[in-house]
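A short write-up of the structure that comes next.
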Amino acid sequence: MPNSCKACNDPLLLTLEPEESGDEETSVPDDLLLPCSCHFHWACLMDHAPSIVASFCCPCCNTHLATSPSSSSSSSGNTSQILTLYTNEGGPQPNLDILPVLREEAYLSFHHEARPARAMHTMVAEGDVTGIISLLSDIDNDSEVDITAAKLLPWTDPLNGGKSAIHVAVESNQEEVFWLLLWLGSNLFTNVFPTPVIQTAGAMGLTRRDEVPVEEDVRFVKDEAGRTVKDVCLQSGQAPWTVFVEGGLFN
């Protein structure tokens with residue numbers, strides 16, 4: 001096993017702080033082996049994501065890294081892969097395709113506003129209402145963030161089919177988050193909301209905007225397939241989503 005990372009020349013280890021390891025400070029493997037036999041720390045290689053995605057070459061030796069997936073394992077649209085061996089505290093992970101992660105990192109390096117937006121989409125999928133509210137509040141109070149809370153709500157993710165947060169909420173079956181997004185990001189009349197939603201919003205101090213521009217109303221934002229949240233609800237084929245459509249929630 002090589003002693004150091006090709007990028008920083010430090011040992012191929014990751015130091016865990018006591019609160020992470022549950023004990024005293026300790027080190028675990030952090031060794032990403034590329035097809036060209038160059039070794040990197042995971043984070044060090046991600047720093048080179050834009051150049052790797054552009055050239056498909058190792059940032060150290062310039063060897064071409066990408067291969068085509070086998071017909072038996074490939075899916076529609078997957079034309080390249082970069083298979084690696086990554087060893088961390090969980091052990092070796094052979095044939096790990098890092099190209100999707102590199103593409104994500106490359107995109108985020110040029111679109112800083114996408115980091116909090118994608119973080120919110122993760123919270124939406126997990127049903128983390130408290131986390132979403134905290135994130136939206138922090139963004140409006142952070143002058144260094146390139147996006148506002150109002151713009152974050154209808155933001156569509158180019159790395160996930162152009163879906164907005166409310167698309168993700170329905171697909172993840174997160175009804176509480178669904179109502180939160182409608183409360184904060186739509187012109188839906190307040191009296192249409194269920195009483196418990198109104199009471200919870202009041203208890204949390206969540207005020208609504210006086211007017212949401214039509215292009216920002218989360219009910220009408222379309223993903224890359226041209227679907228609004230109404231379409232996603234219908235495609236789910238199950239309650240409560242189909243019931244919301246039948247009740248005219250998206251009219």
Side-chain angles (χ1 to χ4, degrees), residues 108 111-236 239-251:
L108 294 175
H111 300 84
H112 301 295
E113 78 285 353
R115 289 193 183 274
R118 298 201 88 226
M120 190 185 83
H121 282 207
T122 298
M123 295 176 188
V124 168
E126 296 173 349
D128 186 0
V129 171
T130 301
I132 295 168
I133 294 172
S134 177
L135 176 62
L136 293 173
S137 175
D138 290 345
I139 281 179
D140 276 343
N141 293 319
D142 190 344
S143 59
E144 297 184 2
V145 177
D146 298 330
I147 191 170
T148 64
K151 296 293 185 182
L152 191 63
L153 292 166
W155 183 84
T156 56
D157 187 356
L159 299 176
N160 188 29
K163 296 172 185 176
S164 70
I166 202 165
H167 288 89
V168 175
V170 174
E171 290 184 344
S172 304
N173 205 32
Q174 298 292 352
E175 185 178 351
E176 186 177 4
V177 174
F178 169 83
W179 284 114
L180 171 66
L181 296 172
L182 287 175
W183 181 267
L184 296 175
S186 80
N187 285 321
L188 189 65
F189 292 125
T190 299
N191 61 5
V192 174
F193 287 84
T195 299
V197 173
I198 298 174
Q199 292 174 338
T200 300
M204 291 183 171
L206 300 178
T207 57
R208 304 191 70 196
R209 295 164 66 185
D210 292 334
E211 183 71 24
V212 178
V214 174
E215 65 272 14
E216 294 181 10
D217 191 315
V218 296
R219 293 174 297 169
F220 309 126
V221 174
K222 295 181 179 180
D223 64 11
E224 289 179 359
R227 304 179 307 163
T228 65
V229 65
K230 176 181 178 179
D231 299 318
V232 179
C233 287
L234 285 172
Q235 289 174 7
S236 75
W241 313 115
T242 52
V243 176
F244 295 155
V245 175
E246 293 164 1
L249 195 62
F250 307 108
N251 296 339

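Positions are given from 1 along the sequence.
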Can you list, pair by pair, the side-chain donor-acceptor contacts under 3.5 Å of residues 241-251, counting residues two or more places apart and other chains?
unit_1: W241; atom_1: NE1; unit_2: N173; atom_2: OD1; d: 3.0
unit_1: T242; atom_1: OG1; unit_2: Q238; atom_2: O; d: 3.3

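Note that CG of D157 and NE2 of H121 are 6.0 Å apart. Values are rounded to the nearest 0.5 Å. With values rounded to the nearest 0.5 angstrom, L153 atom CG is found 5.5 Å from L136 atom CG. Rounding to the nearest 0.5 Å gives a distance of 8.5 Å between CZ of F220 and OG1 of T228. With rounding to the nearest 0.5 Å, the separation of CD1 in I166 from CG in L184 is 10.5 Å. Atom CG of L152 and atom CG of L135 lie 6.0 Å apart (nearest 0.5 Å). Rounding to the nearest 0.5 Å gives a distance of 6.0 Å between CD of E113 and NE2 of H111.
Listed for the S236 side chain is a donor-acceptor partner under 3.5 Å among the backbone atoms of C233. Checking side-chain atoms of T200 against main-chain N and O of P196 turns up a donor-acceptor pair under 3.5 Å. The backbone N or O of L206 lies less than 3.5 Å from a partner atom in the side chain of W183, making a donor-acceptor pair. D223 places no side-chain N or O within 3.5 Å of a backbone atom of G162 that could act as its donor or acceptor partner.
Residues L180 and I132 are in side-chain contact: their nearest non-hydrogen atoms beyond the backbone lie under 4.5 Å apart. At least one side-chain heavy atom of R118 sits less than 4.5 Å from a side-chain heavy atom of W155. The closest side-chain heavy-atom distance from V218 to S186 is below 4.5 Å. Between V229 and V221, the closest side-chain pair of non-hydrogen atoms is not below 4.5 Å. Counting only heavy atoms from C-beta outward, the side chains of T122 and V124 never approach each other to under 4.5 Å.
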#### Entry: CA sep, side-chain torsions, deciding dist, call: D231, K222, side-chain contact (heavy atoms from CB on, under 4.5 Å)
CA-CA 9 Å; D231 299 318; K222 295 181 179 180; over 6 Å; no
### Task
Starting from the C-alpha separation in whole Å, work towards a yes-or-no answer on side-chain contact (heavy atoms from CB on, under 4.5 Å) for V168 and V170.
CA-CA 6 Å; V168 175; V170 174; over 6 Å; no
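Taking every heavy atom of both residues into account, P158 and E224 meet most closely at O-OE2, 3.7 Å. For the residue pair E175 and P240, the shortest heavy atom distance occurs at OE1-CG, 3.5 Å. In terms of heavy atoms, A169 sits closest to L181 at CB-CD1, 4.2 Å. Taking both residues in full, the closest heavy atoms of P116 and I139 are given as CB-CD1, 3.7 Å, listed atom of the first, atom of the second, then distance.
Listed by first then second residue, pairs satisfying salt bridge (charged side-chain N to carboxylate O under 4.0 Å, His left out) with a partner in residues 196-209 read R209-E216, not counting sequence neighbours. Among residue pairs with one or both ends in residues 162-172, those qualifying as side chain to side chain donor-acceptor pair (under 3.5 Å) are K163-E171, S164-H167, E171-R227; sequence neighbours excluded.
The 12-atom threshold is not exceeded at CD of E176, counting heavy atoms of other residues, nucleotides or ligands nearer than 6.0 Å.
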